[in-house]
**Q** 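There's a structure below that I have some questions on.
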Amino acid sequence: MDNDENEDDDYEGEEGEDGINEGGEEQDSYDFNCVTGDIGEKIVYNELKNNKSSGKIDWKNKNEESYLPYDFKIKKGNRTIYIDAKSTVYEKGEDPMAIITPSEQEFIDNLKPKEKYYIARVTDARGENPKVTYYDARTLEKVPKSKIMK
């Protein structure tokens with residue numbers, strides 16, 4: 001990830017004068033998870049945009065949370081691909097089924113034949129070597145990045 005695109009600084013400055021976050025430990029955890037999610041989305045976006053055959057990428061949460069059941073919508077000809085980034089700081093992520101929300105599952109269940117939905121599981125999102133693994137949201141099977149990008 002390029003340092004130029006690191007927008008984590010937006011999340012700083014919520015500390016009081018004594019350097020302790022106001023809002024307590026629960027807010028700290030929520031903020032940490034939100035920033036981790038943003039970092040994961042940036043990682044996925046950079047991976048998608050660096051692939052010339054990705055198509056037109058619409059990053060739904062680039063400026064603010066969209067509350068849609070996906071983070072990216074890609075148009076490739078008459079096909080539409082939806083990708084939801086799920087990020088963790090750990091080097092291994094849990095089963096993708098465990099992280100699909102009910103609204104995401106409803107969206108997946110109602111996809112049209114020319115629509116695909118993938119989960120981009122970002123592990124070690126805040127580490128030196130983050131890794132993205134793609135899963136077909138319908139089958140939860142791993143999908144090679146090359147299949148999504150072509």
**Q** Can you list the residues that meet the side-chain contact (heavy atoms from CB on, under 4.5 Å) rule with Lys114, with sequence neighbours excluded?
**A** Asn78
**Q** Hey, are the side chains of Glu47 and Lys145 touching, using non-hydrogen atoms and a 4.5 Å cut-off?
**A** yes
**Q** Partners of Tyr118 by ring-ring contact (aromatic ring centres under 6.0 Å, His included), sequence neighbours excluded?
**A**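 For Tyr118, no residue satisfies ring-ring contact (aromatic ring centres under 6.0 Å, His included) once neighbours in sequence are set aside.
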**Q** Go through the structure and list residues passing side-chain contact (heavy atoms from CB on, under 4.5 Å) with Ser103, not counting sequence neighbours.
**A**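 By the side-chain contact (heavy atoms from CB on, under 4.5 Å) rule, Ser103 matches Thr101.
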**Q** Are Ile119 and Ile100 packed together at the side-chain level, in the sense that at least one heavy-atom pair is separated by less than 4.5 angstrom?
**A**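 Yes, close enough: below the 4.5 Å cut-off.
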**Q** Under a 4.5 Å cut-off applied to non-hydrogen side-chain atoms, are Ile74 and Lys56 in contact?
**A**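 Ile74 vs Lys56: side chains apart.
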**Q** Taking only residues two or more places apart in sequence, or in another chain, which ones meet Asp109 in a side-chain hydrogen bond (donor to acceptor under 3.5 Å, both in side chains)?
**A**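 side-chain hydrogen bond (donor to acceptor under 3.5 Å, both in side chains) check on Asp109 returns Gln105.
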**Q** State which residues pass side-chain contact (heavy atoms from CB on, under 4.5 Å) with Glu91; sequence neighbours excluded, sorted by chain then number.
**A**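 By the side-chain contact (heavy atoms from CB on, under 4.5 Å) rule, Glu91 matches Asp124.
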**Q** Identify the two heavy atoms, one from Gly40 and one from Ser87, that lie closest to each other, and give their separation to 0.1 Å.
**A** CA-OG, 3.1 Å
**Q** In chain order, what residues pass the salt bridge (charged side-chain N to carboxylate O under 4.0 Å, His left out) check against Asp71, with sequence neighbours excluded?
**A** none
**Q** Is any side-chain heavy atom of Lys131 closer than 4.5 Å to a side-chain heavy atom of Val122?
**A** no
**Q** For Tyr70, give me all partners under ring-ring contact (aromatic ring centres under 6.0 Å, His included), at least two apart in sequence or on another chain.
**A** Tyr82, Phe107
**Q** Do Trp59 and Glu41 have side chains that approach each other closer than 4.5 Å (heavy atoms only, starting at C-beta)?
**A** yes
**Q** Work out which heavy atom in Tyr135 is nearest to a heavy atom in Val143; give both atom names and the distance.
**A** C-CG2, 4.1 Å
**Q** Enter the distance from Lys76:NZ to Ile57:CD1 here, rounded to the nearest 0.5 Å.
**A**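 It is 9.5 Å, given to the nearest 0.5 Å.
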**Q** Can Glu104 and Lys86 be counted as an ion pair, charged N to O under 4.0 angstrom?
**A**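 Salt bridge present between Glu104 and Lys86.
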**Q** Sequence neighbours excluded, which residues qualify as side-chain hydrogen bond (donor to acceptor under 3.5 Å, both in side chains) partners of Lys60?
**A**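 Listed in chain order: Asp58.
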**Q** Evaluate Ile81 against Lys75 for side-chain contact (heavy atoms from CB on, under 4.5 Å), listing each step before the verdict.
**A** CA-CA 7 Å; Ile81 299 168; Lys75 293 295 286 181; over 6 Å; no
**Q** Do any N or O atoms from the side chain of Asn61 and from the backbone of Ser66 form a donor-acceptor pair under 3.5 angstrom?
**A**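 Checking the backbone N and O of Ser66 against the side chain of Asn61, a donor-acceptor pair under 3.5 Å is found.
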**Q** Quick one: hydrophobic cluster around Phe32, which other residues, with the 4.5 Å side-chain cut-off, linked directly or via members?
**A** Val89, Tyr90
**Q** Kindly write out the residues that satisfy side-chain hydrogen bond (donor to acceptor under 3.5 Å, both in side chains) with Thr123, not counting sequence neighbours, or none if the list is empty.
**A**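 Thr123 satisfies side-chain hydrogen bond (donor to acceptor under 3.5 Å, both in side chains) with no residue once adjacent residues are dropped.
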**Q** Side-chain contact test, heavy atoms from C-beta onward, threshold under 4.5 Å: evaluate it for Ile43 versus Tyr45 and give yes or no.
**A** no
**Q** Mind checking what makes side-chain contact (heavy atoms from CB on, under 4.5 Å) contact with Ala120, not counting sequence neighbours?
**A** Val44, Ile83, Val132, Tyr134
**Q** Please give me the minimum heavy-atom distance between Ala137 and Ile108, naming the atom from each residue.
**A** CB-CD1, 3.5 Å
**Q** Quick one: list whatever passes side-chain hydrogen bond (donor to acceptor under 3.5 Å, both in side chains) with Asn33, sequence neighbours left out.
**A**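 Partners of Asn33 by the side-chain hydrogen bond (donor to acceptor under 3.5 Å, both in side chains) criterion come out as none, since no residue qualifies.
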**Q** What's the verdict on side-chain contact (heavy atoms from CB on, under 4.5 Å) for Ile148 and Lys116, showing C-alpha distance, side-chain angles and the deciding distance?
**A** CA-CA 9 Å; Ile148 294 168; Lys116 297 285 186 185; over 6 Å; no
